[in-house]
K.L.:
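I have a structure here, written as structure tokens, and I will follow up with some questions on it.
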Amino acid sequence: VRLVVAVAVVFLASSAVAQDDAADSRTTRVEAWLKAILHHQPGESDAAAERVARWSYAELQALSVDVVALSMMMRDLRKNMFTFRPQGQRVTQRIPYTSRQLDRMRLLACAAAGIAKQRDCLLRKSPLLLDAELLQLNDVVSAASERGQPDYVLRRAAMLHADVAMSSRNELFDDSTAAAVAGAVQRLTIRVDDGRNTAMYFGAVHWDIARSLLAVVRPAGDPMVLLWYQATAAWMQADGYHENADHLTEALRLFPRDPLLLFLSGCEHESFARPAIQAAARSADLPPGFKLVVQSDDAEMRQAETLFRRALVQQPDHMEARLRLGRALLVRGSVREAAAELRRANAAAPDDLMKYYGAMFLGAAEEALGNFDSAGDLYTRASDLYPNAQSPHVALGALARRRGDRAAALSAMERVYDLAVAYPDGDDPWWTYDVAAGRDQKRLLAELKQMILAIQP
Amino acid sequence: VRTVVALLAALAQAPTFSSRVDAVRVDVLVTNNGKPVTGLTPADFEILDNGVAQQVDLVSFDQVPLNVVLAFDMSNSVEGDRRERLLEGADKLLSGLRDDDQAGLVTFSHVVNRGAKLTGDLAAVREAFARAEGIGDTALVDGVFAAMMVGESDVGRSLLIIFSDGVDTSSWLPSASVLDAARRSGVVAYAVSVKSRIRPEFLEELASLTGGRLFEVERTQNLDAIFLGVLEEFRHRYLVSYTPRGVSRTGWHQLEVRLKGRRATVKARPGYLAGN
């Protein structure tokens with residue numbers, strides 16, 4: 001399993017804000033962005049998504065600031081002072097524009113808000129100054145708005161950036177480029193392979209942009225925004241792409257009682273407690289100014305436990321949250337409580353995968369409690385569910401040895417070796433425990449796509 | 001020699017798995033200024049089992065054949081040149097074995113694989129090495145447990161040599177469980193770990209509690225020399241056995257091994273766990 005960890009790194013940004021360059025590259029980029037939103041089909045890797053994917057990290061960072069200003073103008077065209085506070089930062093920053101840039105941004109805001117043909121925008125001659133594509137965007141947004149679907153551009157943009165983020169690779173981190181981009185929050189993505197930090201990328205800017213846009217969708221509690229967070233967080237978990245400091249924190253800020261988001265957030269902290277990420281985090285050689293927010297394994301597990309409990313408060317029959325709560329308790333040494341939770345979870349396990357995990361974890365809890373017969377039965381049940389999995393036989397071998405039964409221990413280990421020969425690539429759900437929590441991602445993304453397409457006029 | 005081996009073999013069956021502690025064997029390295037001290041007899045040793053002085057029954061030196069179990073990390077982190085150095089080192093090590101020694105091989109990525117059972121057919125072990133491929137995560141703890149079990153599949157004197165260049169990322173077994181198993185085992189574990197910012201705590205503790213040693217290396221260029229050094233050091237260890245008297249038959253037994261009336265450095269496992 002290869003993990004990509006968007007280590008929640010916070011750049012201690014200088015107070016300077018991105019400066020304009022000589023040409024109007026910023027407004028040109030915003031215009032190109034709006035056209036990409038118009039043409040992008042949600043869930044597809046189409047030409048529009050590929051165009052956006054080709055933009056450099058520096059360009060995207062500048063865009064991430066400009067779209068905040070644009071979204072403000074979409075609400076109030078007369079606004080001429082723009083500030084923003086990057087997620088996770090305490091300092092509010094001003095976004096400066098020249099008057100020419102400001103005029104152009106206002107015209108673009110007219111199209112993005114679907115009001116290019118309304119009085120304020122007509123005064124700015126928007127039908128004359130906007131090209132056919134932008135006017136087409138205006139009409140689409142306007143029609144959506146008339147159908148009771150506000151913030152069309154914000155929603156579609158969030159989908160565009162999610163699609164790009166899920167299908168493209170980030171740029172490799174480069175100190176010199178990083179230094180040139182002042183202002184917006186910077187994050188690094190660390191690629192973790194077998195517990196080692198093998199590469200460092202500029203990361204997460206597409207997710208940053210998407211989140212900043214969805215943060216201003218009104219009214220609050222929008223079902224599409226909820227589904228977007230659920231689906232993308234499930235995708236991140238399934239893909240081993242972790243960004244807990246931002247994605248799920250923002251999701252829970254918007255939807256603090258959603259059981260699925262609470263569950264996925266718990267899973268992410270559980271993943272952060274795993275040795276592979278702990279080792280990579282402890283050995284990461286980060287550039288100056290970057291801060292790692294992966295906590296100790298115990299702290300991460302404690303967080304996971306809290307989040308699973310919160311998920312269960314909202315949805316007491318969330319079997320998988322109970323299962324993972326049981327494991328968190330087991331790892332943290334609350335063995336009796338773990339066993340009680342795991343028994344409840346096992347009674348409700350809907351499929352073989354959940355039954356397997358339940359049997360293994362409860363087996364470990366029973367073993368820790370000295371109930372060796374029960375532990376052996378549970379490991380055996382797990383091996384019946386997944387006959388090609390090594391872990392139940394390793395567990396049986398260790399249990400037998402602990403009980404002083406050398407013959408049974410050797411026999412269990414023979415089975416381990418046989419499986420390694422028969423299935424050299426392995427077939428053990430334990431090895432994919434982390435990513436298994438996101439296994440609903442395809443269904444959720446398909447639902448999200450349908451929901452987005454449904455608002456298309 | 002044959003008589004000694006047979007007697008030790010019979011003794012070896014009892015102490016680690018049964019709740020009866022008939023005899024305890026302790027591998028002891030005695031050095032003076034870094035050089036092995038030879039020619040010692042039972043009368044030279046003083047053993048305290050939970051503080052109670054014991055009568056040493058038997059001491060052997062360089063006479064008992066070895067069961068050398070190699071537990072090698074074959075995960076993603078061991079690839080290319082590092083893997084080649086590892087295989088070369090293993091080849092040299094096997095060349096250093098004697099006719100009556102045996103070797104076995106366990107490789108581990110996320111999958112634990114016994115490449116070769118304990119065997120005197122070293123060509124078979126070499127072939128198993130050649131087949132081993134590096135891919136996947138690292139189940140170091142599971143792999144070490146498997147290697148201990150390979151060592152215990154035979155009554156001989158077991159030397160476990162572990163190589164890993166990473167941390168455990170996918171084992172099922174908790175490290176505490178395998179360390180506990182090691183406390184009940186007569187195996188002596190030597191480990192070679194590639195230096196990084198992460199301390200190899202599991203290997204460090206394993207080596208310490210079995211009376212072995214951990215080597216942290218910067219590079220893997222000299223693995224062959226390290227492996228041969230381990231073998232030589234192990235051959236210079238005394239196998240000391242005694243029948244515990246005046247102590248409990250279960251639980252943790254603190255061991256102290258000293259020499260009577262001589263100055264030397266004595267290295268042995270710090271204790272053993274008796275009973276279930």
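Throughout, a chain's letter reflects where its sequence line sits, starting with A, and its residues are numbered from 1. Worth saying up front: this structure is predicted, and the values here are computed from it rather than measured.
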K.L.:
Can you see which heavy atom on B:Val167 is nearest to which on A:Ala279, and at what distance?
P.N.:
CG2-CB, 3.3 Å
K.L.:
For B:Ser153, is it the side chain, the backbone, both, or neither that has a heavy atom closer than 4.5 Å to a heavy atom of chain A?
P.N.:
both
K.L.:
Given the options B:Lys117, B:Arg197, B:Met148, which has more heavy-atom pairs under 4.5 Å with chain A than any of the others?
P.N.:
B:Arg197
K.L.:
Could you tell me which of A:Arg282, A:Arg274, A:Gln278, A:Gln390 has the largest number of non-hydrogen atom pairs under 4.5 Å with chain B?
P.N.:
A:Gln390
K.L.:
Can you say whether B:Asn113 sits under 4.5 Å from chain A via the side chain, the backbone, both, or neither, judging by heavy atoms?
P.N.:
both
K.L.:
Answer yes or no: is there a donor N or O on one side and an acceptor on the other, between the side chain of A:Arg406 and the main chain of B:Glu152, under 3.5 Å?
P.N.:
yes
K.L.:
Just so I understand: if I count every heavy-atom pair under 4.5 Å between each of B:Val178, B:Val106, B:Val112 and chain A, which residue has the most?
P.N.:
B:Val112
K.L.:
Between B:His110 and A:Trp431, which heavy-atom pair has the shortest distance, and what is it?
P.N.:
O-CZ2, 3.2 Å
K.L.:
With rounding to the nearest 0.5 angstrom, report the CG to CZ distance, B:Leu273 to A:Arg402.
P.N.:
10.0 Å
K.L.:
Okay, side chain of B:Trp172, backbone of A:His393: is any donor-acceptor separation there less than 3.5 Å?
P.N.:
no
K.L.:
So for B:Ser171, is it side chain, backbone, both, or neither that comes closer than 4.5 Å to the heavy atoms of chain A?
P.N.:
backbone
K.L.:
Sort out for me which of A:Gly397, A:Ala398, A:Ser391 touches chain B most, counting heavy-atom pairs under 4.5 Å.
P.N.:
A:Ala398
